[in-house]
S.K.: 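Once you've had a glance at the structure underneath, I'll fire off some questions.
Whatever order the structure lists ligands and atoms in, that order sets their numbers, starting from 1. As the structure is a prediction and not an experimental result, all values here were calculated from the model.
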Amino acid sequence: MSALFTPVTVRGVTFPNRVVVSPLCMYSARQGVAQPWHFAHLSTFARGKAGLVFAEATAVEAIGRITPACLGIWNDEQVEALKPITAFIDEMGCVPGIQLAHAGRKASTSPPFLGGKPLTADDPDAWPVVGPSALAVGEDFPTPHELSVDEIRALTETFVAAAKRSINAGFKAIELHGAHGYLLHSFLSPISNQRSDEYGGNIEARMRFPLEVSRAVRAAVGEDLPLFFRISAVDGIEGGWTMDDSVTLANALAENGIDVVDCSSGGVSGAPRFRLDDAGNPLTKSSARKPGFQVPYAERISKETKLKSMAVGVIIDPQQAEEIASSGQADFVALGREIMHNPFWPLHAARTLNADTEFDLWPKQYKWAVDRRAQIAPLSN
Ligand SMILES: Cc1cc2nc3c(=O)[nH]c(=O)nc-3n(C[C@H](O)[C@H](O)[C@H](O)COP(=O)(O)O)c2cc1C
């Protein structure tokens, strides 16, 4: 019996398996509106039968986009364009999810395949960026406007409006993007948040805005919808956010309507990054990127809090994913680059793990033919 392919229910939603398509920016939207590329991209993962297919970081307002080509969900046109995508994912028996995001001080950049640099002020597509403090991410990044308390409170409502639109668009799970140096994370980390009011200072104050957003979004979406929160479990910078802080945050998130903590790491600073091991020693870049390098973060959330956890980061092999799920290190296993490389990864993993010996997981349009093909010669997994 495969743990990876055992369904899991969170609130009112049953996920058919634990494989998750991690949010993956495609930098292919127009004015925040999904294009045929988004349908092709996300529907492929649904044909591949991932239990939960997350749409990429989707901005709650225009200045919250990472690039001018990022998805948004601040108007009705954007909602309408997402509806066929969620309908198709649903039709395949998978759960459509959306990651709601605000890029904060890391907004207004060019897509990675066009350089990934902050847009210069004279670029017609650039916009002023915002953050908890007037601290730039690093050299070449613009100095953000320090949000006022009224602006912070208004942003909570902006997240709420985006969450309501997400439901209208057909999404059945929502993730709040609290990682990678974007707005919510930048409030949490002492590297980027140096406010001296109620939204900065000690960890309680730095958590206030992300917790207010979580609580308000939960109140807006009702009790049935699963809410995920992606964290950068560690900043990996001296004086930054630590795994102990993440446990504190997770316990607070549990009190504020979040169900699952998705454990990523890093991204708060544009300065060279290094990560720390459990003893606080810097990891080299190569050791930090070994398979499953972020799984221990998810494991601590599972063991030390009431919340479910999601592991992500260089998870490649079906056996590796199965081990994470069966050992209880994480409840969900998310894939990014590997599932782009092989969008039918879940179908093949289910066969490798003997969870689908008869091709029953396959879409009916493929099953009858692939099944017959298998009788002629063995199929690769
Ligand atoms: C092309 C690309 C786009 C990404 N976009 C997002 C995103 O929108 N939101 C997010 O939280 N992480 C994003 N990430 C990070 C992935 O979700 C994932 O955490 C990371 O790639 C590690 O998983 P992997 O080793 O399986 O790729 C992106 C990564 C890639 C490669």
S.K.: If hydrophobic clusters are built from ILVMFWY residues whose side chains come within less than 4.5 Å, do Tyr27 and Leu114 share one?
M.R.: yes
S.K.: Salt bridge between Asp244 and Arg300, side-chain N to carboxylate O under 4.0 Å?
M.R.: yes
S.K.: Taking NZ, NE, NH1 and NH2 as the nitrogens, is one of them in Arg218 or Glu255 under 4.0 Å from a carboxylate oxygen of the other?
M.R.: no
S.K.: Is the closest N or O pair between Pro23 and ligand 1 shorter than 3.5 Å?
M.R.: yes
S.K.: With Arg65, which residues qualify under salt bridge (Lys or Arg N to Asp or Glu O under 4.0 Å), at least two apart?
M.R.: none
S.K.: In terms of atom number and element, which parts of ligand 1 are under 4.0 angstrom from non-hydrogen atoms of Arg230?
M.R.: 10 (C), 11 (O), 12 (N), 15 (C), 16 (C), 17 (O), 19 (O)
S.K.: Below 3.5 Å, N or O to N or O, backbone or side chain included: is there any such pair between Glu56 and ligand 1?
M.R.: no
S.K.: Around atom 18 (C) of ligand 1, find the nearest protein heavy atom and jot down its residue, atom name and distance.
M.R.: Ser22 OG, 3.6 Å
S.K.: Should the pair Lys49-Asp360 be classified as a salt bridge under the 4.0 Å nitrogen-to-oxygen rule?
M.R.: no
S.K.: With the side chain counted from C-beta on, respond yes when Phe359 and Arg351 share a heavy-atom pair under 4.5 Å apart, and no when they do not.
M.R.: yes
S.K.: Less than 6.0 angstrom from the centroid, inside 45 degrees of the normal: does Arg208 satisfy that with respect to the ring of Phe187?
M.R.: no
S.K.: With Lys106 as the cation and Tyr182 as the aromatic partner, state whether NZ or CZ is under 6.0 Å from the six-membered ring centre and within 45° of the axis.
M.R.: yes
S.K.: Check contact between Ala179 and ligand 1, using heavy atoms of the residue and a distance below 4.0 angstrom.
M.R.: no
S.K.: With only distance considered, is Glu175 within less than 3.5 Å of ligand 1 through an N or O on each side?
M.R.: no
S.K.: For the residue pair Glu151 and His145, confirm or rule out a side-chain donor-acceptor distance under 3.5 Å.
M.R.: yes
S.K.: Check whether any N or O atom of Arg337, backbone or side chain, sits under 3.5 Å from an N or O atom of ligand 1, and answer yes or no.
M.R.: yes
S.K.: Determine if the distance from atom 7 (C) of ligand 1 to the closest protein heavy atom is below 4.0 Å.
M.R.: yes
S.K.: Find the distance between CG (Leu361) and CG (Asp356) and round it off to the nearest 0.5 Å.
M.R.: 5.0 Å
S.K.: Is Arg11 salt-bridged to Asp259, going by a charged N under 4.0 Å from an acidic O?
M.R.: yes
S.K.: Does the N or O separation between Ala57 and ligand 1 drop below 3.5 Å for any pair?
M.R.: yes
S.K.: Using a plain distance cutoff, I'd like to know if Tyr27 has any nitrogen or oxygen under 3.5 Å from a nitrogen or oxygen of ligand 1.
M.R.: no
S.K.: Pull out every atom of ligand 1 sitting under 4.0 Å from any heavy atom of Leu335, numbered as shown with elements.
M.R.: 26 (O)
S.K.: If the cut-off is 4.0 Å to any non-hydrogen atom of Gly313, which atoms of ligand 1 fall inside it?
M.R.: 22 (C), 23 (O), 25 (O)
S.K.: Answer side chain, backbone, both or neither: which part of His177 comes under 4.0 Å from ligand 1, heavy atoms only.
M.R.: side chain
S.K.: Record the part of Val312 in heavy-atom contact with ligand 1 below 4.0 Å; permitted values are side chain, backbone, both and neither.
M.R.: side chain
S.K.: For atom 3 (C) of ligand 1, grab the closest protein heavy atom and report residue, atom and distance to one decimal in Å.
M.R.: Cys25 N, 3.2 Å
S.K.: When you measure from atom 26 (O) of ligand 1 to every protein heavy atom, which one gives the shortest distance, and what is it?
M.R.: Gly336 N, 2.8 Å
S.K.: Counting non-hydrogen protein atoms only, what is the nearest one to atom 30 (C) of ligand 1? Give residue, atom name and distance.
M.R.: Leu24 CD2, 3.7 Å
S.K.: For Val314, is at least one N or O under 3.5 Å away from an N or O on ligand 1?
M.R.: yes
S.K.: Does any N/O atom on Met340 come nearer than 3.5 Å to any N/O atom on ligand 1?
M.R.: no
S.K.: Between OG of Ser43 and CD1 of Ile89, what distance do you get to the nearest 0.5 Å?
M.R.: 7.5 Å
S.K.: For Gln99, counting its heavy atoms only, list the atoms of ligand 1 lying under 4.0 Å from any of them.
M.R.: 7 (C), 8 (O), 9 (N), 10 (C), 11 (O)
